[in-house]
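Before I ask anything, here is the structure I am working with.
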Amino acid sequence: MQVADRLLKTPPYPFAELGRLKRKAIEEGVDLIDFGIGDPDQPTSSHIVEALRKAALDPKTHQYDETGKGLPAFRHAIASWYRSRFGVDVDPDREVLRLIGAKEALAHLAWAVLNPGDIALVPDPAYPVYHVASMFAGAEVYRFPLVEEANYLPDLAAIPPDVVERAKLIYLCYPNMPTTAVATIEFYRGLVEFAQQYDILVCLDMAYSELYFNGNKPHSFLEIEGARDVAIEIHSLSKTYNMTGWRLGFAVGKPEAIDALEKLKSNVDSGVFLAIQEAGVAALTGPQDCVESMRSLYQRRRDLLVDGLAEIGWKIPMPSATCYVWAPIPAGYSSAGLAEALLRDAGVLATPGSAYGERGEGYVRFSLTVQGERQEERIVEAVRRIKENVKLS
Ligand SMILES: Cc1ncc(COP(=O)(O)O)c(C=O)c1O
């Protein structure tokens, strides 16, 4: 059978490879401490599950989702959430679209706005979907570096003029996966000017907007004057409400971008189970203490891991957001080499930074969504095993 060239040119999805390594280690009887994929280990809150149960019992939800941009109640809940969370008023009929999680929209957007010969600007390191989807759409990809010295904010002025002229889309992600950085309002002001000057659509991946610490709430780009004419923000209920498997997210922003994405999606998917959108209403409008306790949980785990590793001589900057730790690796290792040593010698699974691009070389990523039970004890155990089995200097 023939497989399309676009797939042959695509490396395996990094987390699929991680899954393979993990299965192999478990088969070999390793007592694995899993800091691999960022999949929340806590259950979805009971009031959200209950909303699904009630809605699923109503036969009216058993049909195709023919609502166009999504269930009106869900879009209104999104608009109210935007107002209370960011102080931004959005029109639920023109500026909001429900999604089957963030990932599909980040991919489909490339198909909706890029032509062959266009350039997509993609950070390095980054979530792999941005560049793979841009390539699938036939566009060229220009990767711009995110470096620690610049707090992982890009230097937009350093992108060559001939690249910027052909660029139609820039992907960004703040709070950032994998680096954990948060964007500043100053950066966002410059970004509006950049997007206006070169007529580039900004796609801001905000999957981690609610995973912040010490009350330092990340901003929406749409808070900046002029941003709603140049940007689309992609949100996910996966991490905020521990709903990864439910597949629910939403896009907010420039109406033409929302319409283009809706048109593309209406040709390739058939919406989201209406009962799940009802559960989304319960998530966004219901009690938010579940989100607060999730932040505290990740903060405790973050402190245990970062402080624990510092005590054994591995100094890592303290993340101010996301459920990850982006760890510069000790001298003498490559990212993949260290990840391998951690797995082989300590039974600890972390992702090599190089899975996110060339600039991820020199780092490994620990996800604080530790799978299994007694997670805090497991983190302490991981630090002990690393101390005893992995050479750090
Ligand atoms: C940066 C980033 N964006 C988007 C997603 C996808 O989220 P969803 O589950 O809503 O598809 C992830 C998932 O890990 C992610 O890390």
Side-chain angles (χ1 to χ4, degrees), residues 13-19 34-42 44 48 70 74 78 97-110 122-134 143 146 152 154 169-183 202-212 218 221 232-252 261 265 268-269 271-273 276-277 279-280 283-284 291 294 298 319 321-326 350-351 353 355-357 359-360 363 365-371:
Y13 191 59
F15 305 107
E17 178 58 10
L18 209 63
D34 184 357
F35 296 98
I37 194 164
D39 187 354
D41 52 279
Q42 298 297 300
T44 310
I48 301 174
F74 185 45
I78 293 162
L97 177 66
R98 59 88 186 83
L99 304 170
I100 314 174
K103 185 178 183 180
E104 61 92 354
L106 292 161
H108 284 139
L109 186 67
V122 174
D124 183 2
Y127 188 46
V129 173
Y130 316 145
H131 81 264
V132 172
S134 302
R143 308 253 349 220
L146 301 183
Y152 301 107
L169 175 65
I170 181 169
Y171 283 101
L172 289 163
C173 173
Y174 292 103
N176 186 259
M177 197 297 296
T179 70
T180 78
V182 177
V202 176
C203 173
L204 190 62
D205 179 353
M206 297 188 73
Y208 298 96
S209 73
E210 303 317 295
L211 267 66
Y212 54 82
F221 180 44
I232 182 166
E233 295 191 324
I234 308 288
H235 286 267
S236 167
L237 276 75
S238 291
K239 317 288 158 128
T240 308
Y241 297 103
N242 295 328
M243 292 173 73
T244 48
W246 297 57
R247 311 313 301 135
L248 190 60
F250 55 91
V252 175
L261 187 55
K265 280 170 54 57
V268 296
D269 69 53
V272 172
F273 181 27
I276 288 188
Q277 295 186 64
L284 291 175
V291 187
M294 178 200 55
Y298 288 135
T322 78
C323 52
Y324 303 108
V325 169
W326 185 237
T351 317
Y356 305 97
R359 298 283 177 155
Y363 295 84
R365 190 197 78 171
F366 291 92
S367 171
L368 298 168
T369 58
V370 190
Q371 304 299 319

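Numbering of ligands and ligand atoms starts at 1, following listing order.
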Where the side chain of R143 meets the backbone of P123, is there a donor-acceptor pair that is under 3.5 Å apart?
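Such a contact is found between R143 side chain and P123 backbone.
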
Top protein contact for atom 6 (C) of ligand 1, by heavy-atom distance
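Looking at atom 6 (C) of ligand 1, the protein heavy atom closest to it is Y127 OH, 3.4 Å.
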
Under 30°, 30 to 60°, or over 60°: which ring-plane class applies to Y356 and W326, parallel, tilted or perpendicular?
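Ring orientation of Y356 relative to W326: perpendicular.
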
Please confirm whether A102 comes within less than 3.5 Å of ligand 1 when only nitrogen or oxygen atoms on both sides are compared.
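Yes, since at least one N or O of A102 sits under 3.5 Å from an N or O of ligand 1.
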
For K239, the ligand 1 atoms whose distance to one of its heavy atoms is below 4.0 Å:
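Within the 4.0 Å cut-off of K239, ligand 1 contributes 13 (C), 14 (O).
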
So, Q42 side chain and N242 main chain: donor-acceptor pair closer than 3.5 Å or not?
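Answer holds: no.
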
Spell out, as yes or no, whether a donor-acceptor pair under 3.5 Å connects the side chain of K239 to the backbone of T322.
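Not at all, since once roles are kept as given, no pair shorter than 3.5 Å links the two residues.
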
Which of the atoms of ligand 1 are close to A207, meaning less than 4.0 Å from one of its heavy atoms?
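The list of qualifying atoms is 3 (N), 4 (C).
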
Examine distances only and state if a side-chain atom of T240 and a backbone atom of S209 form a donor-acceptor pair shorter than 3.5 Å.
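It does not hold such a pair.
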
Nearest protein heavy atom with distance in Å, relative to atom 16 (O) of ligand 1
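Result for atom 16 (O) of ligand 1: Y208 OH, 2.7 Å.
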
Which heavy atom of the protein is the closest neighbour of atom 3 (N) of ligand 1, given with residue, atom name and distance?
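So the nearest neighbour among protein heavy atoms is D205 OD2, 2.5 Å.
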
Distance under 4.0 Å to a non-hydrogen atom of R247: what atoms of ligand 1 satisfy this?
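Checking each atom against R247, I get 8 (P), 9 (O), 11 (O).
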
In terms of side-chain geometry, is the basic nitrogen of K265 or E104 positioned less than 4.0 Å from the acidic oxygen of its partner?
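Answer for the salt bridge query: yes.
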
Do Y324 and Y208 have side-chain N/O donor and acceptor atoms under 3.5 Å apart?
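Looking only at side-chain atoms, Y208 and Y324 do form a donor-acceptor pair, the distance falling under 3.5 Å.
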
Quick test of your reading of the structure: of S236, G249, G38, whose heavy atom lies closest to atom 10 (O) of ligand 1?
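When every heavy atom of S236, G249, G38 is considered, S236 comes closest to atom 10 (O) of ligand 1.
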
Side-chain (Y171) to main-chain (L106) donor-acceptor, under 3.5 angstrom:
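Yes, the answer is positive, given that a donor and an acceptor are paired below the 3.5 Å cut-off.
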
What protein heavy atom sits nearest atom 9 (O) of ligand 1, and how far away is it?
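For atom 9 (O) of ligand 1, the nearest protein heavy atom comes out as S238 OG, 2.6 Å.
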
Below 4.0 Å, non-hydrogen atoms only: which portion of T244 touches ligand 1? Side chain, backbone, both or neither.
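Under 4.0 Å from ligand 1, T244 contributes no heavy atoms.
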
Using 30° and 60° as the class limits, which term best fits the ring planes of F366 and F35: parallel, tilted or perpendicular?
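Judged by the thresholds at 30° and 60°, the geometry between F366 and F35 is perpendicular.
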
Examine the proximity of ligand 1 to K103 and report which part, side chain or backbone, both or neither, has a heavy atom under 4.0 Å away.
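Both parts.
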
Check each heavy atom of E104 against ligand 1 and say whether those closer than 4.0 Å belong to the side chain, the backbone, both or neither.
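It is neither part, as no heavy atom is under 4.0 Å.
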
Check whether any side-chain N or O of R98 sits under 3.5 Å from a backbone N or O of A251 as a donor-acceptor pair, and report yes or no.
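The answer is no, because no donor-acceptor pair under 3.5 Å joins these two groups.
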
Within-shell test, D39 vs ligand 1, heavy atom, strictly < 4.0 Å:
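No.
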
Mind checking whether Y324 has an N or O less than 3.5 Å away from an N or O of ligand 1?
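Looking only at distances, the answer is no, because the N/O contact criterion of under 3.5 Å is not met.
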
Under 4.0 Å to a heavy atom of L106 - the qualifying atoms of ligand 1, by number
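Those of ligand 1 that fall under 4.0 Å from L106 are 3 (N), 4 (C).
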
